[in-house]
Amino acid sequence: QVQLVESGGGLVQPGGSLRLSCSASGGIFSIYTMGWYRQAPGKQRELIAAITSGGSTNYTDSVRGRFTISRDNVKNTVYLQMNSLKPEETAVYYCTARHPFREVPYWGQGTQVTVSS
């Protein structure tokens, strides 16, 4: 079983930056595809970034060029560097881990990001 714990959320001004972290335990981290989702109040959950076991990345169009997903397989941690944050990106940000042989990913508890002046 895999447990995921997000951290690094908080209050940031528009145009500011945050780095989210997701610490994984209970599985072979290097095998999993890792992802970040967000869910704004009253909105559906959205996949914003993913990174494969081989380090390939993809991003949703709205964050490409501003956000960077990365992973450290020694620390069993995935990161999301978020730059030039916008108020509409206020949301709960969730970390996911998907094993190649398991359709349903594991989810973290989420961390709140609030972009406001």
Side-chain angles (χ1 to χ4, degrees):
Q1 304 301 312
V2 172
Q3 296 81 46
L4 304 171
V5 180
E6 301 97 334
S7 61
L11 176 64
V12 64
Q13 292 186 342
S17 298
L18 284 175
R19 190 178 75 156
L20 305 183
S21 299
C22 173
S23 177
S25 62
I28 305 174
F29 177 79
S30 61
I31 295 297
Y32 285 78
T33 292
M34 306 298 296
W36 287 96
Y37 286 74
R38 67 187 176 195
Q39 187 166 26
K43 305 295 183 181
Q44 63 187 355
R45 193 158 47 238
E46 175 189 27
L47 175 65
I48 56 174
I51 184 166
T52 69
S53 61
S56 297
T57 60
N58 60 16
Y59 302 91
T60 193
D61 288 345
S62 66
V63 310
R64 188 175 296 108
R66 296 186 298 115
F67 290 13
T68 302
I69 188 171
S70 61
R71 67 192 298 159
D72 185 333
N73 289 342
V74 175
K75 296 183 176 180
N76 288 1
T77 302
V78 64
Y79 304 95
L80 185 68
Q81 177 67 45
M82 305 186 294
N83 297 328
S84 301
L85 282 160
K86 305 172 181 179
E88 59 264 36
E89 293 174 317
T90 293
V92 177
Y93 284 70
Y94 296 92
C95 176
T96 64
R98 183 174 59 80
H99 192 278
F101 300 150
R102 187 178 185 271
E103 178 67 22
V104 180
Y106 297 95
W107 291 78
Q109 84 289 347
T111 185
Q112 176 70 46
V113 172
T114 302
V115 186
S116 177
S117 59

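Start at 1 with the first residue, then count along the sequence.
Separating the OG1 atom in Thr68 from the CG atom in Leu80 is a distance of 8.0 Å, to the nearest 0.5 Å. For the atom pair OG (Ser30) and CG (Asp72), the distance works out to 11.5 Å, reported to the nearest 0.5 Å.
In this structure, Asn58 and Arg64 have side chains that are not in contact, with every pair of non-hydrogen atoms separated by 4.5 Å or more. The closest side-chain heavy-atom distance from Val115 to Lys86 is not below 4.5 Å. Here the side chains of Arg38 and Leu20 are not in contact, with every heavy-atom distance at 4.5 Å or above. The shortest distance between side-chain heavy atoms of Tyr59 and Arg66 does not fall below 4.5 Å. The closest side-chain heavy-atom distance from Thr60 to Leu47 is not below 4.5 Å. The side-chain heavy atoms of Glu89 and Val113, taken from C-beta on, include no pair separated by under 4.5 Å. For the pair Gln1 and Tyr106, the minimum side-chain heavy-atom distance is below 4.5 Å. Using a 4.5 Å cut-off on side-chain heavy atoms (C-beta onward), Ile48 and Tyr93 make contact.
Scanning both residues, Pro14 and Pro87, for their nearest heavy atoms gives CG-CG, 3.9 Å. In plain terms, the two heavy atoms of Trp36 and Ile69 that are nearest each other are CD1-CD1, 3.6 Å. The heavy-atom pair separating Ala24 from Leu4 by the smallest distance is CB-CD2, 3.6 Å. The two residues Val2 and Ala97 come nearest to each other via the heavy atoms CG1-CB, 4.4 Å. The shortest non-hydrogen separation linking Thr114 to Gln112 is OG1-NE2, 3.4 Å. Taking both residues in full, the closest heavy atoms of Gln109 and Val5 are given as OE1-CA, 3.5 Å, listed atom of the first, atom of the second, then distance.
Within 6.0 Å of the CG atom in Leu11, the count of heavy atoms belonging to other residues, nucleotides or ligands exceeds 12.
No path of Ile, Leu, Val, Met, Phe, Trp and Tyr side chains, each step under 4.5 Å between heavy atoms, connects Phe67 with Tyr79, placing them in separate hydrophobic clusters. In terms of hydrophobic clustering, with Ile, Leu, Val, Met, Phe, Trp and Tyr side chains grouped at heavy-atom distances under 4.5 Å, Leu18 and Met34 are assigned to a common cluster.
Other cluster members for Val74: none, since no ILVMFWY side-chain heavy atom sits under 4.5 Å from it.
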Determine whether Val63 and Met82 satisfy the following criterion, side-chain contact (heavy atoms from CB on, under 4.5 Å), listing intermediate values before the conclusion. CA-CA 8 Å; Val63 310; Met82 305 186 294; over 6 Å; no
Give the C-alpha distance, both sets of side-chain angles, the deciding distance and a yes or no for side-chain contact (heavy atoms from CB on, under 4.5 Å) between Gln13 and Leu85. CA-CA 8 Å; Gln13 292 186 342; Leu85 282 160; over 6 Å; no
Which is it for Glu46 and Ser62 under the side-chain contact (heavy atoms from CB on, under 4.5 Å) test, yes or no, and what are the steps along the way? CA-CA 11 Å; Glu46 175 189 27; Ser62 66; 4.2 Å; yes
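Figure legend: Arg71 and Tyr32 shown without cation-pi pairing, the cationic atom not lying both under 6.0 angstrom from the six-membered ring centre and within 45 degrees of its axis.
Listed by first and then second residue, the side-chain hydrogen bond (donor to acceptor under 3.5 Å, both in side chains) pairs involving residues 15-25 are Gln3-Ser25, Ser17-Asn83 (not counting sequence neighbours).
In this pair, Tyr37 and Trp107 present their aromatic rings tilted. The plane angle is within the 30 to 60° band.
In this structure a side-chain-to-backbone donor-acceptor pair under 3.5 Å is present from Glu6 to Cys95.
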